[in-house]
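The sequence lines fix the lettering, A, B, ..., with proteins before strands; numbering per chain opens at 1.
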2 protein chains.
Amino acid sequence: MFGQTALAVDRSFPRMRATDARQSYSGTVLNLAKHRSVYLAGDDADRIYEVESGAVMLSRILDDGRRQVVEIVFPGGICGLSSGDVYESCCETLTPTVLRSFKKTDLAHSDTLRSRIVEKLQSQIARIHDHTVSLGRKTAEERVCTLILRLRELENVRADAKECSVALPMTRTEIADYLGLTLETVCRTLSDLNRRKLVQVGAKKSEIRVPNVERLRQVAHCDA
Amino acid sequence: MFGQTALAVDRSFPRMRATDARQSYSGTVLNLAKHRSVYLAGDDADRIYEVESGAVMLSRILDDGRRQVVEIVFPGGICGLSSGDVYESCCETLTPTVLRSFKKTDLAHSDTLRSRIVEKLQSQIARIHDHTVSLGRKTAEERVCTLILRLRELENVRADAKECSVALPMTRTEIADYLGLTLETVCRTLSDLNRRKLVQVGAKKSEIRVPNVERLRQVAHCDA
DNA sequence: CGCCTGTTTGACGACAGTCAAATTAGGTGG
DNA sequence: CCACCTAATTTGACTGTCGTCAAACAGGCG
């Protein structure tokens, strides 16, 4: 099972400054099972969330039913941002997840919090840009390999390990909606990678072994 | 020509607080012609920029030459963010552009500046998510129409106008690299929209008339 | 065991990509 | 102002990757 143990957890919540000592500035902790809704598109956007463990996905749905997962937020990431007064995306957990939530109004008063968020958003935007490259310019195979490598990076795998095992915290449909593909294409691509021994799909379909990380990286055409 | 008059300009730079009165906190102004580099991927990421007028594009290039424009930043937007100590994307102007740049070290000391940036990044991320939906789930035609409508929104067009004229501040190749298409597909799509009278491509190929905004919106499948 | 959900595989078609050539726009210098 | 040259755009013919529709298979749970 893909859960709190599988994903690297950022437990380093900064000590509050004296001026931030009001209770609410350290946030409210939320404990959610998998496939639970955090908020829906159109909800009043009064809170932001920091993922402490687990993972959530942000998605948008077009009127004709097409869905795109616009972002997956892992521990240390922020969700619940919005440009207007309602959320544009809907947010749901992929796995059992712990969130820390803050009122937007508190954000306006806490420099510590804002400072922390600016820091986090910088790398978060960089990751979104990575994904934009996948969606705009990569083939189905490259997208799938890139995702596997990205998930590997998030687990507690020694960076230089030659081989590893990666847990996919999502269904084939969710992978497809994240990668801008259909679930059939995701299946076929995984089957093909499996045949060519670039990955080994386990008995549990969500367990992927990568016998040769470097070879997968070449197929993925990752910059990183 | 697409320039400072065509794009809505945000001139409202906030008055500095007393503690922010050091000269550098109001930034350094940069005046650039079109198609000038602001920074390259791999450059030391010591500054962030706010677009005052014009537009810049952030792009990434894969080792085999494929390019993806990951973001177009319009007046009011921020660029120069990075997760590490070097820029991951390269940044160049699309049109004549005025930028205000700040040292990252100043960012660490100015609450006013950080507060302003958090605000801006929220809507900026929402726009990136819009674009993610285009890349992941929309057809070539929908992507082109969505871009035209987005550019319209940025110009000083009355929101309720039934028809309008939009300037494309970029070449067909740049449009293609932004929309995850080839330049041939962008051309064909525009020609086809032109034939079907959904747009009128002007003598200047970068001038697009939209006779019926509402009809274009239907074709674009915009949520917004 | 039977049902429901998630996954896999197959056959076929369509949208967009590739390669190539023609046409047009824009800039420079005579 | 015009001739020329280069870059940008447009169009065509063909190909390939991925989407669509459909059916079979596997796993979890009452």
Closest approach to the side chain of [X], judged atom by atom: which nucleotide of [options] is it?
| X | options | result |
| --- | --- | --- |
| B:Lys205 | C:dA16, D:dT9, C:dT8 | D:dT9 |
| B:Ala140 | C:dA16, D:dT10, D:dT20 | C:dA16 |
| B:Thr139 | D:dC18, D:dT20, C:dA16 | C:dA16 |

OP1, OP2 of [N] versus side-chain N and O of [X]: anything below 4.0 Å?
| X | N | answer |
| --- | --- | --- |
| B:Thr185 | C:dC15 | no |
| A:Arg188 | D:dC18 | no |
| B:Thr171 | D:dA8 | no |

Distance, rounded to the nearest Å, where [X] contributes [atom1] and [N] contributes [atom2]:
| X | N | atom1 | atom2 | answer |
| --- | --- | --- | --- | --- |
| A:Asn194 | C:dT9 | CG | P | 9 Å |
| B:Asp177 | D:dA8 | CG | C1' | 14 Å |
| A:Glu174 | C:dT5 | CD | P | 15 Å |
| A:Asp192 | C:dT9 | CG | P | 10 Å |
| A:Lys204 | C:dT5 | NZ | P | 22 Å |
| B:Lys138 | C:dC15 | NZ | P | 18 Å |
| B:Glu184 | D:dT10 | CD | P | 11 Å |
| B:Leu183 | C:dA20 | CG | P | 15 Å |

State whether B:Arg217 and B:Glu214 are salt-bridged, where the test is any N-O pair (Lys NZ or Arg NE/NH1/NH2 against Asp/Glu carboxylate O) under 4.0 Å.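 Answer for the salt bridge query: yes.
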One thing to verify: whether A:Arg188 and A:Asp192 come together as a salt bridge, which I'm taking to mean a side-chain N less than 4.0 angstrom from a carboxylate O.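 No, no charged N to carboxylate O under 4.0 Å.
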Taking for each residue the nucleotide of DNA chain C bearing the nearest heavy atom, is the 5' side occupied by A:Arg137 or by A:Cys187?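 Result: A:Cys187.
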With rounding to the nearest 0.5 angstrom, report the CZ to CD distance, A:Arg127 to B:Glu88.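 The CZ atom of A:Arg127 sits 6.0 Å away from the CD atom of B:Glu88.
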Can a donor-acceptor pair be found between the side chains of B:Ser89 and B:Arg60 at a distance below 3.5 Å?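 Looking only at side-chain atoms, B:Arg60 and B:Ser89 do form a donor-acceptor pair, the distance falling under 3.5 Å.
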Just checking A:Leu181: base, sugar-phosphate only, or nothing, at a heavy-atom cut-off of under 4.0 Å?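 It contacts sugar-phosphate atoms only.
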Could you tell me whether the side chain of B:Glu92 reaches within less than 4.5 Å of the side chain of B:Leu32, counting heavy atoms only?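 The answer is no; the side chains never approach within 4.5 Å.
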